[in-house]
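Read through the structure below, which is laid out as structure tokens, and then see the notes.
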Amino acid sequence: MPYVHIRITREGASAEAKRELIAGVTDLLRRVLGKNPATTVVTIDEVDMDNWGIGGLPVGEFRAAQAQQETQR
């Protein structure tokens, strides 16, 4: 029984987007590994942006720094 745990930042992912993630991951496991969709479990956790860090920064600050670097190129 495959178990897939997806974590995303809480930024308003719609119910439809989550349905698409669940269906897509389930189908990928079926196609690539031959796993039974009826026994494939997918969970999605949404994490507040203040509780998610990248490169030593909260994700919002990290993204702002990345955007600033892009505009300087």
Side-chain angles (χ1 to χ4, degrees):
M1 172 172 66
Y3 172 79
V4 178
H5 185 174
I6 299 171
R7 286 192 175 151
I8 58 175
T9 54
R10 183 172 287 132
E11 297 178 73
S14 68
E16 179 56 35
K18 292 175 193 177
R19 269 193 293 283
E20 191 172 332
L21 281 171
I22 292 166
V25 168
T26 300
D27 187 57
L28 180 66
L29 286 167
R30 180 195 57 78
R31 287 186 296 108
V32 174
L33 299 177
K35 298 300 181 177
N36 182 353
T39 60
T40 298
V41 176
V42 179
T43 63
I44 299 173
D45 281 340
E46 292 182 280
V47 180
D48 287 328
M49 287 181 53
D50 290 343
N51 297 330
W52 193 295
I54 304 171
L57 298 170
V59 72
E61 291 178 30
F62 178 82
R63 288 178 182 172
Q66 292 295 305
Q68 185 176 11
Q69 287 178 359
E70 288 295 318
T71 59
Q72 293 175 355
R73 290 184 186 172

Residue pairs fulfilling salt bridge (charged side-chain N to carboxylate O under 4.0 Å, His left out) with at least one residue in residues 54-65, sequence neighbours excluded: Glu11-Arg63
Those residues that, when tested against Val41, pass side chain to side chain contact (heavy atoms under 4.5 Å, CB included) (two or more places apart): Met1, Tyr3, Thr43
Taking only residues two or more places apart in sequence or in another chain, which ones pass side chain to side chain contact (heavy atoms under 4.5 Å, CB included) with Gln72? Gln68
By salt bridge (Lys or Arg N to Asp or Glu O under 4.0 Å), Glu46 pairs with (sequence neighbours left out) Lys18
Fellow cluster residues of Ile44, listed by chain then number, with links counted only when side-chain atoms sit under 4.5 Å apart: Val4, Ile6, Ile8, Leu21, Ile22, Val25, Leu28, Leu29, Val32, Leu33, Val42
Enumerate, atom names and distances included, each donor-acceptor pair closer than 3.5 Å involving a side-chain atom of residues 51-58, sequence neighbours excluded.
none

Just jot down the side chain to side chain contact (heavy atoms under 4.5 Å, CB included) partners of Glu16, sequence neighbours excluded, or say none. Ser14, Arg19
Among residues two or more places apart or on two chains, list those pairs meeting salt bridge (charged side-chain N to carboxylate O under 4.0 Å, His left out) that have a residue in residues 47-56. Arg10-Asp48
Which residue pairs pass the side-chain hydrogen bond (donor to acceptor under 3.5 Å, both in side chains) test when at least one of the two sits in residues 21-35, sequence neighbours left out? Asp27-Arg30, Asp27-Arg31
